[in-house]
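Lettering of chains follows the sequences in order, A, B, ..., and the numbering in each one begins at 1.
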There are 2 protein chains.
Amino acid sequence: MHSHDRHAETARPDPSRIERLCVERGLKMTGQRRLIARVLSEAEDHPDVEELYRRAAALDDRISVATVYRTVRLLEEKGILERRDFGGGRARYDPTDRGHHHHLIDVDTGRVIEFEDAEFEKVARAIAERLGFSLVGQRLELFGRKGAPAPAPRGRTKPKA
Amino acid sequence: MHSHDRHAETARPDPSRIERLCVERGLKMTGQRRLIARVLSEAEDHPDVEELYRRAAALDDRISVATVYRTVRLLEEKGILERRDFGGGRARYDPTDRGHHHHLIDVDTGRVIEFEDAEFEKVARAIAERLGFSLVGQRLELFGRKGAPAPAPRGRTKPKA
DNA sequence: ATATCTGCAAACAATTTGCCGACCA
DNA sequence: TGGTCGGCAAATTGTTTGCAGATAT
């Protein structure tokens, strides 16, 4: 565990949050992985692979979607990312270091709000126990609408635009 | 002149539960739709399209997967079915007339247990409200493992065969 | 040095769809 | 009879993978 001290010969300002985690888990850091790590670190939302690729390529197009897929899967296996599925067919990714949380999806805007709730955790555990299981994981998604009732467009879940 | 006779000209014993719902919503009932409706009515689990197709074809092979896909989507739009996603890539279907419920998935066996919980409903509504939303929908899935979650800090309890 | 990446395109799996004959209302 | 529906196979979409050259350690 030797550390490379600050010989700023390679302009590498600051290893991103996620990059640091990658190194911790002993991943070989390539240019594209560093790039993806940075995009992930800067993301405040839950991008899908296509979106990650778009953002990464915008910074440096020496990368392909295949690599994003591979990297994202690797990071998931290493416990750095969590794969989510908000419907819509594509997997969304969420860095685990943001802490355990759930999501509330605004059905009108498609906007995703994160939240935590101790009360819920307790209830969930209680339910599992009542059914004779020990809780290993959970998934909670709430779909809501802001205050006043608005004419919601019919149709199914195709949060495109 | 109407012939509402009891002459079994078309051996149609009893419209299945789901078939009745289809008719109610004004769907044109064809042989294959009736078949799928019957399979769905008899199902106690949450089959995916492939499985529905298998079961239907076993009763009458004058049907194709494409039709199952089309029908299942139609029933979903009509609110007769609910599409679920328990991971694994394929969509699972769940008749809505079984009532509102959530799922607990046994991570070891893959078995799905349905349950309801008033306490949870209350908490969910409260969370949404706290975030400034009115609850429109929710999705809760618990993943558990059979075994004693009991406060027994002793050695690990081997999962019973 | 060398085991591990990456890009590319072909392979895959789940689901959709165009075309046209078959069928229900 | 007219408008829908169903079968078949080709088309789409999201994701994976084999290969050969590029890289990190």
Could you tell me the separation between the NZ atom of B/K78 and the CZ atom of B/R73, rounded to the nearest 0.5 Å?
->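 Going from the NZ atom of B/K78 to the CZ atom of B/R73 covers 13.5 Å.
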At what distance, to the nearest 0.5 angstrom, does CZ of A/R111 lie from CD1 of A/I113?
->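 Answer for the CZ-CD1 pair, A/R111 versus A/I113, is 5.0 Å.
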A/P15 backbone acceptor or donor facing A/R20 side chain under 3.5 Å |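 Checked: pair present.
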Under 3.5 Å, side chain of B/T67 to main-chain N/O of B/I63, donor-acceptor pair present?
->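 Not a single qualifying donor-acceptor pair exists.
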Tell me the interatomic distance from [X], atom [atom1], to [N], atom [atom2], rounded to whole angstroms.
X: B/D60; N: D/dG6; atom1: CG; atom2: P; result: 13 Å
X: B/R34; N: C/dC23; atom1: CZ; atom2: P; result: 14 Å
X: A/L81; N: D/dT15; atom1: CG; atom2: C1'; result: 16 Å
X: B/L35; N: D/dC5; atom1: CG; atom2: P; result: 17 Å
X: B/Y69; N: D/dT12; atom1: OH; atom2: P; result: 18 Å
X: A/E50; N: D/dT16; atom1: CD; atom2: P; result: 13 Å
X: A/E77; N: D/dT15; atom1: CD; atom2: P; result: 15 Å
X: B/I36; N: D/dC5; atom1: CD1; atom2: P; result: 12 Å

A/Q32 versus A/R62, closest heavy-atom pair with distance =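 Minimum heavy-atom separation between A/Q32 and A/R62: NE2-O, 3.4 Å.
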Global bending angle along the helix from C/dA1-D/dT25 to C/dA25-D/dT1, which compares the axes of five pairs at either end, to 10 degrees =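 The value is 40°.
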Within a radius of less than 6.0 Å around CD of A/E77, do more than 12 heavy atoms belonging to other residues, nucleotides or ligands occur?
->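 Yes.
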Could you tell me if the ring centre of A/H101 sits under 6.0 Å from that of A/F115?
->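 That pair fails the under 6.0 Å test.
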Pair B/H46 + B/Y93: ring centers closer than 6.0 Å =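 Judged by ring-centre distance (under 6.0 Å), B/H46 and B/Y93 do not meet the cut-off.
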B/E114, B/E82, B/E44 screened by side chain to side chain donor-acceptor pair (under 3.5 Å) with B/R98, the one that passes =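 Answer to the side chain to side chain donor-acceptor pair (under 3.5 Å) test with B/R98 among B/E114, B/E82, B/E44: B/E114.
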Per-nucleotide protein contact string for nucleotides 1-13 of chain C (B base, S sugar-phosphate only, - none; heavy atom under 4.0 Å) = --BBSBBB-----
Would you kindly compare B/M29 and B/D48 by the position of their nearest DNA chain C nucleotide and give the one closer to the 5′ end?
->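 Residue closer to the 5' terminus by nearest nucleotide: B/D48.
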C/dA14 OP1/OP2 closer than 4.0 Å to side-chain N/O of B/R83 |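 For C/dA14, neither OP1 nor OP2 has a side-chain N or O of B/R83 closer than 4.0 Å.
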